[in-house]
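First comes the structure, then the notes that go with it.
No experiment lies behind these values; they were computed from the predicted model shown. Atoms considered below: every heavy atom in the structure, side chains included; atoms not considered: hydrogens, waters and symmetry mates. Index from 1, following the sequence.
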Amino acid sequence: MWPHKCAQCVRLHSNFALLMSPGTTPTPTIDALAMSGVRLESYYVNKLCSPTRTALLSGRYAYTIGQDDMVITNGNNCDLPLNLLTLADRLAQGGWNTSAYGKWDAGMTTWGSTPTCRGFEHYRGFYNAASDYFTHMVGPGFDYHSDNQGPAKGPDATVAGVYTTEAVTSAVQQWVEGLRPGPATKTFAYVAHEAVHGPLQVPMRFIDGPCRGLVPADHPTRLIYCGMVRAVDESVRNITDTYTALGIMEDTLIVFSTDNGGTADAGGNNYPLRGQKATPFEGGVRGLGFVAGAGLSSAVRGTVQRGLMHVTDWLPTLVSGVAGLSLAQLGRPCPTCNRSIAPLDGVDQWAMLSTGAPSARTEVLLDLQATACQAKPIPCNIPGSGAIRIGKWKLLHGHQAGFKGPATPGNLPKCAARLGIGQGVNKTTLPVPANESSPICAFGWNPPPRADGKYELPRPPSDAGCTGLPCNLTLDSKYLTGQTLLFDLKADMFEEHNVAEAYPEVVATLLARLQQFNLSHCGGSRCLPDKDGYRPSLGPQGTPTEDPAFPLHEPVWLPWRGNKDPAACDTNRDPPAPPPPSPKVGLKSNFKGATLARNARNALVLSGDGWCFDTAWPGGGVPSMTVRLSVDGVPATNVLANLTRPKTFSNSTGAPNLNHGFSFAERGPWVDKLGGPGSHRLDVDVFLDPVVVPSTPTTAVSPNSPVCFTDGKPVACKTGRV
């Protein structure tokens with residue numbers, strides 16, 4: 001321990017790797033800190049940002065706290081469980097001065113979810129997952145805040161036009177300078193930079209210089225990304241310079257961590273590791289991390305630590321190992337919580353970091369989504385996905401392509417040299433051609449472009465079924481439908497050789513351990529320990545609030561539940577009362593029809609479309625809508641949600657807008673039944689929450705040739721069962 005205990009966490013959003021010429025580096029400050037401390041060779045995070053951030057703050061695996069398969073974006077109805085003590089809660093209880101900056105992304109449904117109600121005495125930053133770096137807008141609303149209580153509460157208009165990375169840096173400097181820390185002061189700064197997340201934006205001064213010599217001019221996404229990395233390096237330099245000027249740098253421990261792998265088409269790169277963000281391959285979950293500064297013995301300074309470590313370990317390591325505080329208390333009071341508190345998954349790794357002792361871990365859970373399947377019509381051979389490492393062995397089970405979205409041939413994961421503009425790249429001053437992106441192969445390997453303009457093409461795995469680029473996965477690819485992969489990371493860190501067939505006993509052991517975790521899986525965010533917790537797709541979302549006093553005259557993102565007095569830190573998550581059922585006269589629908597036909601692979605496909613809306617429904621008749629199909633009175637498939645159809649259909653039927661329509665294309669044994677002899681009844685139930693509106697059932701004979709089921713004309717809906 002040291003007499004003046006300061007700790008600073010500096011976090012980057014994505015992995016980055018830049019090929020550097022001798023003597024040239026865009027990150028001299030970060031490099032120097034890393035080389036002076038302990039570099040973490042086997043450090044793991046989650047494959048997405050919200051799961052990693054909530055895991056770091058709580059010390060729990062994402063699957064135990066409902067954060068396993070999602071990112072909290074734009075007012076989603078989800079929070080870091082409100083009955084957990086965070087890393088900051090524990091340090092504050094021990095007398096530490098705590099502050100947080102930048103990207104929160106751990107929930108904002110109620111005031112009790114925001115940073116200054118989760119243990120941080122001071123906060124300046126934004127609540128959502130990604131914002132414009134200059135305007136600080138997230139969709140239709142402004143999102144940058146100073147605390148949420150006291151004289152400076154509320155949205156912070158002073159940062160308008162200020163680059164986010166620089167605004168964060170200045171806030172950290174102002175806070176620590178204002179503390180005037182002395183020998184007995186204990187400070188913790190959680191610096192969560194938005195960079196290098198999209199949108200790809202950076203002042204041109206960061207692009208000019210080393211980046212011009214490192215990245216070819218015909219890869220502007222990579223150039224912008226390099227500039228964003230340089231901006232983060234300057235931030236670290238300015239913060240450490242401030243600590244040095246205050247005379248406390250020698251007593252400060254710096255923890256540096258990423259939160260997920262880089263995204264290749266948006267400038268990031270994880271090569272030679274396989275995969276990227278949103279995948280369980282090493283490029284998605286093996287993180288960049290190091291510790292430097294106070295508390296490290298001379299024997300470990302400047303070394304590489306290869307012991308296993310996970311992002312959940314930071315809470316017990318800093319609270320118990322560094323601060324010497326107890327971990328006995330697991331949670332905090334929460335009147336609206338009704339689920340027991342999960343035990344800590346993290347372990348104290350301070351002995352490993354500070355003295356080089358063996359890791360306290362022999363295994364790490366890397367991914368667990370218990371039931372999620374890909375979007376139809378992709379088959380689901382293995383529901384969900386999981387990944388675990390025990391010793392040198394790593395098992396991946398389920399789907400691994402990092403894909404969720406409309407399952408159309410043009411929207412499936414692919415390997416390509418050019419994919420199109422990366423996320424948000426059009427918002428920078430650097431010209432970007434319309435067909436520009438870095439090479440991408442989410443489930444393979446992505447060599448970055450070299451300074452001389454030459455680069456290797458992306459390399460898909462040999463079992464992807466491709467002979468060249470672009471390499472497009474098919475609907476029946478095992479990377480989408482599910483498979484089991486086993487890698488010996490000691491011999492094959494780059495995950496090039498699946499040895500599952502050669503080591504069936506190892507596969508069985510790791511699958512059994514994965515199943516042990518799965519048995520305690522809470523089922524995603526539906527199991528949040530808070531009253532009425534439910535998945536964002538099914539619950540009401542927050543929307544920006546109109547604030548006449550806000551000088552920028554923009555709607556502002558704020559919590560939408562609980563006591564509006566920020567000082568109350570209200571944990572109330574009771575949802576607003578649902579609107580009353582609409583009058584029968586207001587309900588209108590049309591099931592335009594369903595067509596049974598064989599596709600190019602000679603498989604029967606049932607497709608159809610229709611619309612349904614309620615002229616009396618608040619908000620212009622746009623309630624939540626899902627569709628269920630039944631054949632001969634038996635449900636044929638799961639409820640279909642968020643269905644869409646072409647705009648031309650809207651025009652032909654007269655439905656008010658696209659939000660009222662649906663379309664589907666289903667296949668499988670129950671569809672094959674329709675192709676046999678006899679007469680069958682097809683029912684289409686349209687759900688307008690909370691009223692279920694059954695369509696007019698239709699009956700038709702379905703011989704071996706294509707047949708169309710239809711009700712013909714728009715009809716008035718009847719209210720049905722709830």
Problem set entry | Distance in Å, Thr64 OG1 paired with Asp345 CG, rounded so as to fall on 0.5 Å steps | 5.0 Å

Exercise. Is there a donor-acceptor pair under 3.5 Å between the side chain of Thr52 and the backbone N or O of Asn46?
Worked result: yes

Problem set entry | Arg53 vs Tyr190 side-chain heavy atoms within contact, under 4.5 Å | yes

For this session: Rounded to the nearest 0.5 Å, what's the gap from CG on Leu330 to CZ on Arg60? Could you check?
Result: 5.5 Å

Exercise. Yes or no on side-chain contact (heavy atoms from CB on, under 4.5 Å) for Ile72 and Gln67, after CA distance, side-chain angles and deciding distance?
Worked result: CA-CA 9 Å; Ile72 303 175; Gln67 304 292 327; 3.6 Å; yes

Exercise. Does any N or O in the side chain of His193 come within less than 3.5 Å of the main-chain N or O of Ala195, such that one atom is a donor and the other an acceptor?
Worked result: no

Problem set entry | Spacing of Met309 atom CE and Leu40 atom CG [to the nearest 0.5 Å] | 6.0 Å

Exercise. Closest approach of Ser113 and Leu82, non-hydrogen atoms and distance?
Worked result: OG-CD2, 3.4 Å

Exercise. Lys103 side chain to Ala129 main-chain N or O, any donor-acceptor pair under 3.5 Å?
Worked result: yes

For this session: Find out whether Cys415 and Phe443 are in side-chain contact, i.e. whether some heavy atom of one side chain is under 4.5 Å from a heavy atom of the other.
Result: yes

Exercise. Is the side chain of Asp313 donor-acceptor paired with the backbone N or O of Val347 at a distance under 3.5 Å, no angle test?
Worked result: yes

Exercise. Any idea which heavy atoms bring Ala387 and Leu365 closest together, and the distance?
Worked result: O-CD1, 3.6 Å

Exercise. Which residues satisfy the ring-ring contact (aromatic ring centres under 6.0 Å, His included) test with Phe487, sequence neighbours excluded?
Worked result: none

Problem set entry | Student check: side-chain heavy atoms of Ser477 and His399 closer than 4.5 Å | no

Seminar exercise, completed: Nearest heavy-atom contact between Asn270 and Gly275 is ND2-O, 3.2 Å

For this session: Step by step, work out the side-chain contact (heavy atoms from CB on, under 4.5 Å) result for Leu395 and Thr484.
Result: CA-CA 7 Å; Leu395 179 86; Thr484 300; 3.6 Å; yes

For this session: Report yes or no: does Asp348 contribute a side-chain atom to a donor-acceptor pair with the main-chain N or O of Ser320 at less than 3.5 Å?
Result: no

For this session: Considering non-hydrogen atoms only, spot the tightest contact between Trp314 and Leu87 and give its length.
Result: O-CD1, 4.5 Å

Exercise. Would the SG atoms of Cys471 and Cys466 measure under 2.5 Å apart?
Worked result: yes

Exercise. So which of Val499, Ile388, Leu489 actually passes side chain to side chain contact (heavy atoms under 4.5 Å, CB included) with Trp393?
Worked result: Val499

Exercise. If only atom types and distance count, is the side chain of Trp104 paired as donor or acceptor with the main-chain N or O of Gly107 below 3.5 Å?
Worked result: yes

Exercise. Hey, are the side chains of Pro461 and Trp445 touching, using non-hydrogen atoms and a 4.5 Å cut-off?
Worked result: yes

Would you list the atom pairs, donor with acceptor, under 3.5 Å between side chains in residues 500-514 and any protein atom, with sequence neighbours excluded?
unit_1: Thr509; atom_1: OG1; unit_2: Glu505; atom_2: O; d: 3.0
unit_1: Arg513; atom_1: NE; unit_2: Glu363; atom_2: OE1; d: 3.0
unit_1: Arg513; atom_1: NE; unit_2: Glu363; atom_2: OE2; d: 3.0
unit_1: Arg513; atom_1: NH1; unit_2: Gln516; atom_2: OE1; d: 2.9
unit_1: Arg513; atom_1: NH2; unit_2: Glu363; atom_2: OE2; d: 2.7

For this session: Determine whether Asp105 and Val71 make a side-chain contact, defined as any pair of heavy atoms from C-beta on separated by less than 4.5 Å.
Result: yes

Exercise. Between Asp367 and Lys47, is the closest basic N to carboxylate O distance under 4.0 Å?
Worked result: yes

Problem set entry | Leu353 side chain reached by Val300 side chain, heavy atoms, under 4.5 Å | no

For this session: Taking atom types as modelled, find out whether Thr109 and Asp79 have a side-chain donor-acceptor pair closer than 3.5 angstrom.
Result: yes

Exercise. For Leu469 and Pro460, which heavy atoms make the closest approach, and how far apart are they?
Worked result: CD2-CD, 4.3 Å

Exercise. Is there side-chain contact between Leu327 and Pro316, with at least one heavy-atom pair below 4.5 Å?
Worked result: yes

For this session: Using ring-ring contact (aromatic ring centres under 6.0 Å, His included) as the criterion, list what pairs up with Tyr44, not counting sequence neighbours.
Result: none

For this session: Working to the nearest 0.5 Å, report the span between CZ of Phe281 and CG of Leu273.
Result: 12.0 Å

For this session: Measure the shortest side-chain to side-chain distance between Ile440 and Gln276 over non-hydrogen atoms and say whether it is less than 4.5 angstrom.
Result: yes

For this session: Taking Arg389 for its side chain and Gly391 for its backbone only, find out whether a donor-acceptor pair lies under 3.5 Å.
Result: yes

Exercise. Tyr43 and Ser257: side-chain donor and acceptor closer than 3.5 Å?
Worked result: yes

Exercise. Once you round to the nearest 0.5 Å, how far does OG1 of Thr279 lie from CD of Gln400?
Worked result: 9.0 Å

For this session: Give a yes or no answer on whether the side chain of Asp492 reaches the backbone of Glu496 with a donor-acceptor pair at less than 3.5 Å.
Result: yes

For this session: Enter the distance from Cys441:SG to Leu457:CG here, rounded to the nearest 0.5 Å.
Result: 11.0 Å

Seminar exercise, completed: Contacts of His397 meeting ring-ring contact (aromatic ring centres under 6.0 Å, His included) (sequence neighbours excluded), chain-then-number -> none

Problem set entry | Residues forming a side chain to side chain donor-acceptor pair (under 3.5 Å) with Ser359, sequence neighbours excluded | Gln349

Exercise. Can you name the side-chain contact (heavy atoms from CB on, under 4.5 Å) partners of Pro379, sequence neighbours left out?
Worked result: Asn381, Thr481, Arg667

Exercise. Is a side-chain N or O of Asn269 found less than 3.5 angstrom from the main chain of Ala264, in a donor-acceptor match?
Worked result: no

Problem set entry | Whether Phe256 and Phe290 hold their rings parallel, tilted or perpendicular, with breakpoints at 30° and 60° | parallel

For this session: Take Leu475 and Leu412 through the side-chain contact (heavy atoms from CB on, under 4.5 Å) test and state the conclusion after the steps.
Result: CA-CA 8 Å; Leu475 290 173; Leu412 296 176; 3.8 Å; yes

For this session: Go through Asp265 and Thr221 one step at a time and tell me if the side-chain contact (heavy atoms from CB on, under 4.5 Å) criterion holds.
Result: CA-CA 8 Å; Asp265 62 331; Thr221 53; over 6 Å; no

Exercise. Taking all non-hydrogen atoms of both residues, which atom of Ser50 and which atom of Thr54 are closest, and how far apart?
Worked result: O-OG1, 2.8 Å

Exercise. Side chain of Arg274, backbone of Glu495: donor and acceptor closer than 3.5 Å?
Worked result: yes

